[in-house]
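Both counts, for ligands and for their atoms, begin at 1 and track the order of listing. We count residues from 1, following the sequence as given.
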Amino acid sequence: MSKLFTNVYDPIMKPLETGGFGAIRENLLREATGRVLEIGAGTGVNFPYYDAAVEAVDAIEPDDDMRNQSHERVREATVPIRLHAVRAENLPFPDQSFDTVVATLVFCTIPHPTLALREIERVSKPGARVLFFEHVRLDQPALGKIQDALTPLWKKAADGCHLNRDTLGMIQQSKLDVTNVDSHYKGVFLTIHGNYPE
Ligand SMILES: C[S@@+](CC[C@H](N)C(=O)[O-])C[C@H]1O[C@@H](n2cnc3c(N)ncnc32)[C@H](O)[C@@H]1O
């Protein structure tokens, strides 16, 4: 990831976080319990939202600069957070380790998202909860095509982020039972709640 992108990430996101993302994250992460795996934690924006229902968080983030920026939020968090310099496609955790998996604004960027979903499935306990907050390709064909056209340029500007990923479709094709999908900002962003079968 480019140093420029990592340095501007928090300042660029700040108006969005105060304008609505913060509330979305807070509502979503209220459901996190027990041992939590967070995928692509970035600068640790989610860390303040973990509460006493969470035993500990293993947060993976492959980018050194993003991970380094999250250290202050690790120190300030009210639950133990361990950082790991690894990718979602190859997780260093035993099978059936986690009660909750969290992924926010990350499935747009992961190079091999279906592999990552398989790894999440492997390390999740039976019945584990998975919580996503992601931007997705829009249903309306004309708008979806605009996202397709913008994606090659956007990927260069935003370090590999695809504007047009059908993340919900990918999740629905995995072993996860989707229990709830909420639309935000006219469907550009979705919160997706799922459970693995017991
Ligand atoms: C747009 S940022 C989102 C950060 C944070 N989750 C948030 O909600 O603000 C996307 C993050 O995904 C990380 N990422 C990219 N490829 C990844 C992979 N293969 N596995 C895990 N994380 C990855 C990037 O390094 C970056 O920190």
Undergrad: Please confirm whether Asn46 comes within less than 3.5 Å of ligand 1 when only nitrogen or oxygen atoms on both sides are compared.
TA: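 Asn46 vs ligand 1: no N/O contact under 3.5 Å.
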Undergrad: For atom 25 (O) of ligand 1, which candidate among Glu61, Gln69, Arg25 provides the closest heavy atom?
TA: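 Shortest heavy-atom distance from atom 25 (O) of ligand 1: Glu61.
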Undergrad: For ligand 1, which atoms, with element, lie under 4.0 Å from some heavy atom of Asp63?
TA: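 Once the distances to Asp63 are compared, the set is 25 (O).
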Undergrad: As an exercise, identify every atom of ligand 1 less than 4.0 angstrom from a heavy atom of Gly42.
TA: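 Listed by number with element: 4 (C), 27 (O).
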Undergrad: Taking all atoms of both residues into account, what is the closest heavy-atom pair of Gly42 and Ser70, and its distance?
TA: O-CB, 3.7 Å
Undergrad: Can you sort out which atoms of ligand 1 are near Gly40, meaning under 4.0 Å from one of its heavy atoms?
TA: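 So the answer, numbered in order with elements, is 4 (C), 5 (C), 6 (N), 11 (C), 22 (N).
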Undergrad: With a 4.5 Å heavy-atom cut-off, do Thr179 and Arg129 have their side chains touching?
TA: yes
Undergrad: Are any of the side-chain heavy atoms of His71 and Leu83 separated by less than 4.5 Å?
TA: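 Sidechains of Leu83 and His71: in contact.
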Undergrad: Below 4.0 Å, non-hydrogen atoms only: which portion of Met66 touches ligand 1? Side chain, backbone, both or neither.
TA: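 For Met66, the contact with ligand 1 is made by the side chain alone.
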Undergrad: Is there a donor-acceptor pair under 3.5 Å between the side chain of Asn164 and the backbone N or O of Arg137?
TA: no
Undergrad: Just to be sure I read this right, does ligand 1 sit under 4.0 Å from the backbone of Glu89, its side chain, both, or neither, counting only heavy atoms?
TA: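 Side chain only.
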Undergrad: Check whether Glu119 reaches the backbone of Leu91 with its side chain - one donor and one acceptor, N or O, closer than 3.5 Å.
TA: yes
Undergrad: Tell me whether ligand 1 is touched by Tyr9 - counting only heavy atoms on the residue side and a distance under 4.0 Å.
TA: yes
Undergrad: Evaluate Thr109 for polar contact with ligand 1, using N/O atom pairs at a separation under 3.5 Å.
TA: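 No.
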Undergrad: Return the CD1 to OG1 distance between Ile24 and Thr191, rounded to the nearest 0.5 Å.
TA: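 Atom-to-atom, Ile24:CD1 and Thr191:OG1 are 7.0 Å apart.
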Undergrad: Given Pro62, Gly44, Ala88, identify the one with the heavy atom nearest to atom 22 (N) of ligand 1.
TA: Pro62
Undergrad: Verify, without hydrogens or angle tests, whether Arg165 (side chain) and Phe107 (backbone) share a donor-acceptor contact under 3.5 angstrom.
TA: yes
Undergrad: Just to be sure I'm reading this right: ignoring hydrogens, which of Ile39, Leu115, Leu105, Ile60 gets closest to atom 10 (C) of ligand 1? Compare them by their nearest heavy atoms.
TA: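 Residue with the shortest heavy-atom distance to the ligand atom: Leu105.
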Undergrad: If you apply the rule ring pair (Phe, Tyr, Trp, His ring centres under 6.0 Å), what do you find for Phe21 with Tyr185, and how did you get there?
TA: CA-CA 10 Å; Phe21 280 20; Tyr185 300 92; 5.7 Å; yes
Undergrad: Using a 4.0 Å cut-off to any heavy atom of Thr104, which atoms of ligand 1 qualify?
TA: 3 (C), 5 (C), 6 (N), 7 (C), 8 (O)
